[in-house]
Amino acid sequence: MYIMYSPPGSTTKHHRSRGVSTKSLYIIVIALLMGILVTLWNVYQLRWLHEKHSTGMPEAVSSNVKDSDKPVVWVHAKRMETGYLDHVLAVFNRIGYVRGGQESDWDVLWAHDYPFTQLSMAIGNMKPHQKVNHFPGTGYVTNKVYLATSDIKYIPIAFQMPKQQAEFQKEVERSPDRLWVQKSSSHRGIKVKSTKELNLNAKDTFIQEYIQKPFLIDGRKFDLGLYVITTSVDPLRVYMVDDEMLVRFCPKDYYPTNFEDVDKYVVGDDYTPMWEMPSLKKWFVEGKYSFKESLYAYFRSVGKDSGWVEDQIYEAVKGVFMNKQPQLKTALEKYPHKNVFFEMMRFDFVLDEDLNVYLMEVNMSPNLSSSHFTPNKYLYEHVIFNTLSVVGVARSFPTSLKSVSNDAFIMAVSERDIQVKADECGSDLCKTCENQDCKLCNKCLIPAQRELLKAAYLEHKNRATTRRVYPEPMTQETAEAYDDSLDEELDENDQLMRAWFRAKCIEDASWCR
């Protein structure tokens, strides 16, 4: 208690002023705490509403997931609140999935980053019905140094530094007028340089030939992004989204002698989209054609063969996987279930003035956010849906993958669906399984082989607008004339798979690609 002082003789009355009482302090503290709790609750509600509004798929409570027979997707990624996986979540929501976490009885794990280190225990304990969107060993394909220095057709010649200095110097002596770019695995800071400007001692980098005289549209250089889906590495099965691609243009006009401004020849995050290119608007904007068809229509309009581009792209993708299959198979060996993995990557190509195709890089977990370019929403969700369809994650059965009954599975694919070569298998030639022409007959197949063929059958039926890259597509005439001895160096599973697709193609042209 405080007493105001008045000097003696003062006529001023004494006033007593009380401080804040203990009871009042309690009330103030409680009010502050209530305010904090209300604020936290509002933040939670806003975050929940944002998630629900942007994806339609809020994360499910574990008990709700456990009680539900709906399929469950576990999305593992950093900074989910930024929305860069909204299209992934939206597609899963539309095909009937609910979100769960690591502790849920999940059906599909969608990991943005390579999961085999951080989530090694969860992946090592996967059940046969579960799926994860990466293959072990994917880095053999997507690592820029490994890919560029693999001596694969359609990839510009490259040299790893500092290990291949001598080989690079010899190449420069043979072709002194070539231009080069020096890159690292991070793919940052790319710039065309003369030989004298290159750092031959820079670790974890590679020097790659720069493709001069690029094909230009409205004076701009551009690249093509093709979406490729791997469903199996043993045997190898690869598909591509056949009706779409990402087309990105440099922000500035190309100038062949000025490489100081990288915006003239490097496609970056702030690229120019197709709908801003004058020569393509009549197809993409007015005609509502796809990215791919708009580009190919332009090629045809200037007398170029779009089919030539298409054939090279398929050959390039096939070549990469055939080259990397041994490493992928080795990485897969330690996992008990080989059919639980799938992968969607983006292959980025550039074209020279003659429409020769060059593969520049392969992206694991490519960008699927349309926050920067809203019209890309259709493309990204189309790619995601096609991926989930061909791998059997988007299905006509609205239940968990583990809940599919045997009758339901047989309804989708039975042993009768995978049979081929009825004439040969019913003849005296195939009374035994010694003849190679009989290896696809039912009595000559072991159970594991039948399961491989059933998986391939379902992929073909569920492929939506994807088309097969490997085993490579062919005509019925090519399939009938094919020499099986060409496959003798392949592993048994790959020989079997390729022979089966050829047999299906001969019987039904829809199986040829």
Side-chain angles (χ1 to χ4, degrees), residues 114 116-117 135-214 221 223-226 228 230 233 256-257 259-260 262 265-268 312-313 315-331 343 345-352 354 356-364 366 489:
Y114 189 73
F116 295 95
T117 301
F135 268 95
T138 299
Y140 290 112
V141 177
T142 59
N143 180 279
K144 293 172 177 58
V145 177
Y146 290 162
L147 181 68
T149 58
S150 295
D151 192 25
I152 300 173
K153 188 179 179 183
Y154 299 106
I155 298 179
I157 188 170
F159 302 88
Q160 186 174 355
M161 294 294 122
K163 185 170 67 174
Q164 295 181 309
Q165 282 189 34
E167 293 94 324
F168 173 68
Q169 294 285 14
K170 290 179 181 177
E171 190 66 30
V172 170
E173 290 174 7
R174 280 194 293 268
S175 304
D177 295 331
R178 284 184 184 177
L179 295 176
W180 305 89
V181 291
Q182 189 159 13
K183 305 179 185 179
S184 66
S185 292
S186 64
H187 190 60
R188 298 297 175 189
I190 294 175
K191 191 174 183 180
V192 173
K193 296 180 179 181
S194 66
T195 307
K196 293 179 181 179
E197 295 175 298
L198 298 169
N199 181 0
L200 305 189
N201 295 309
K203 294 182 179 179
D204 299 320
T205 67
F206 62 99
I207 296 172
Q208 189 169 39
E209 180 186 6
Y210 174 73
I211 303 304
Q212 302 183 61
K213 298 181 180 179
K221 183 181 175 182
D223 68 5
L224 315 177
L226 280 299
V228 176
T230 311
V233 298
T257 59
F259 295 109
E260 289 303 312
V262 295
Y265 61 93
V266 175
V267 177
Q312 290 178 90
I313 288 172
E315 280 295 312
V317 175
K318 170 188 165 184
V320 168
F321 282 101
M322 290 187 70
N323 180 278
K324 301 299 182 181
Q325 187 191 19
Q327 293 101 313
L328 293 171
K329 286 174 64 175
T330 299
E343 185 102 30
M345 314 173 193
R346 194 186 72 216
F347 280 57
D348 290 345
F349 296 90
V350 298
L351 308 174
D352 70 14
D354 297 317
N356 294 309
V357 163
Y358 298 90
L359 175 61
M360 304 311 297
E361 64 181 28
V362 179
N363 295 278
M364 181 184 74
E489 294 185 2

For residues 318-326, please give each side-chain donor-acceptor pair under 3.5 Å, one per line with the distance, not counting sequence neighbours.
residue: K324; atom: NZ; partner: S150; partner atom: OG; Å: 2.6
residue: Q325; atom: NE2; partner: V233; partner atom: O; Å: 2.9
residue: Q325; atom: NE2; partner: D494; partner atom: OD2; Å: 2.9

I'd like to know if the side chain of E361 reaches the main chain of K144, judged simply by a donor and an acceptor atom lying under 3.5 Å from each other, with no hydrogens or angles considered. no
Side chain of S175, backbone of V172: donor and acceptor closer than 3.5 Å? no
Flag side-chain contact, heavy atom, 4.5 Å: [X] against [Y]:
{"X": "L226", "Y": "V317", "answer": "no"}
{"X": "V181", "Y": "K191", "answer": "no"}
{"X": "I207", "Y": "M161", "answer": "yes"}
{"X": "N199", "Y": "Q182", "answer": "yes"}
{"X": "L351", "Y": "N356", "answer": "no"}
{"X": "V145", "Y": "D204", "answer": "no"}
{"X": "K213", "Y": "D352", "answer": "no"}

For the residue pair [X] and [Y], confirm or rule out a side-chain donor-acceptor distance under 3.5 Å.
{"X": "K183", "Y": "Q208", "answer": "yes"}
{"X": "Q165", "Y": "N201", "answer": "yes"}
{"X": "T230", "Y": "E343", "answer": "no"}

Sequence-distant partners of E489, salt bridge (Lys or Arg N to Asp or Glu O under 4.0 Å), two or more places apart: none
Going by the rule ring-ring contact (aromatic ring centres under 6.0 Å, His included), which residues pair with Y358 if we only count those two or more places apart in sequence or in a different chain? none
Taking ring-ring contact (aromatic ring centres under 6.0 Å, His included) as the test, write out the residues that go with Y114, two or more places apart. F116
Please report the closest heavy-atom contact between A148 and A158, naming both atoms and the distance. O-CB, 3.4 Å
Identify the two heavy atoms, one from Q312 and one from V357, that lie closest to each other, and give their separation to 0.1 Å. OE1-N, 3.0 Å
Does any pair with a residue in residues 157-172 pass salt bridge (charged side-chain N to carboxylate O under 4.0 Å, His left out), and if so which ones, sequence neighbours excluded? E171-R174, E171-R178
Going from [atom1] on [X] to [atom2] on [Y], what distance comes out if it is rounded to the nearest 0.5 angstrom?
{"X": "T195", "Y": "Q169", "atom1": "OG1", "atom2": "CD", "value": "8.0 Å"}
{"X": "M360", "Y": "F347", "atom1": "CE", "atom2": "CZ", "value": "14.0 Å"}
{"X": "Y210", "Y": "W180", "atom1": "OH", "atom2": "CH2", "value": "14.0 Å"}
{"X": "L328", "Y": "Y140", "atom1": "CG", "atom2": "OH", "value": "8.5 Å"}
{"X": "Q212", "Y": "L179", "atom1": "CD", "atom2": "CG", "value": "4.0 Å"}
{"X": "I152", "Y": "L359", "atom1": "CD1", "atom2": "CG", "value": "8.0 Å"}

Ring center gap for F349 and Y154 short of 6.0 angstrom: no
Please find out if less than 6.0 Å separates the ring center of F159 from that of F206. no
Check whether more than 12 heavy atoms from other residues, nucleotides or ligands sit under 6.0 Å from atom CG of D151, and answer yes or no. no
Run the numbers on V362 and L147 for side-chain contact (heavy atoms from CB on, under 4.5 Å), then give the verdict. CA-CA 8 Å; V362 179; L147 181 68; 3.6 Å; yes
Report the relative orientation of the aromatic rings in F259 and Y265; use parallel for angles under 30°, tilted for 30 to 60°, perpendicular for over 60°. perpendicular
Contacts of S194 meeting side-chain hydrogen bond (donor to acceptor under 3.5 Å, both in side chains) (sequence neighbours excluded), chain-then-number -> E197
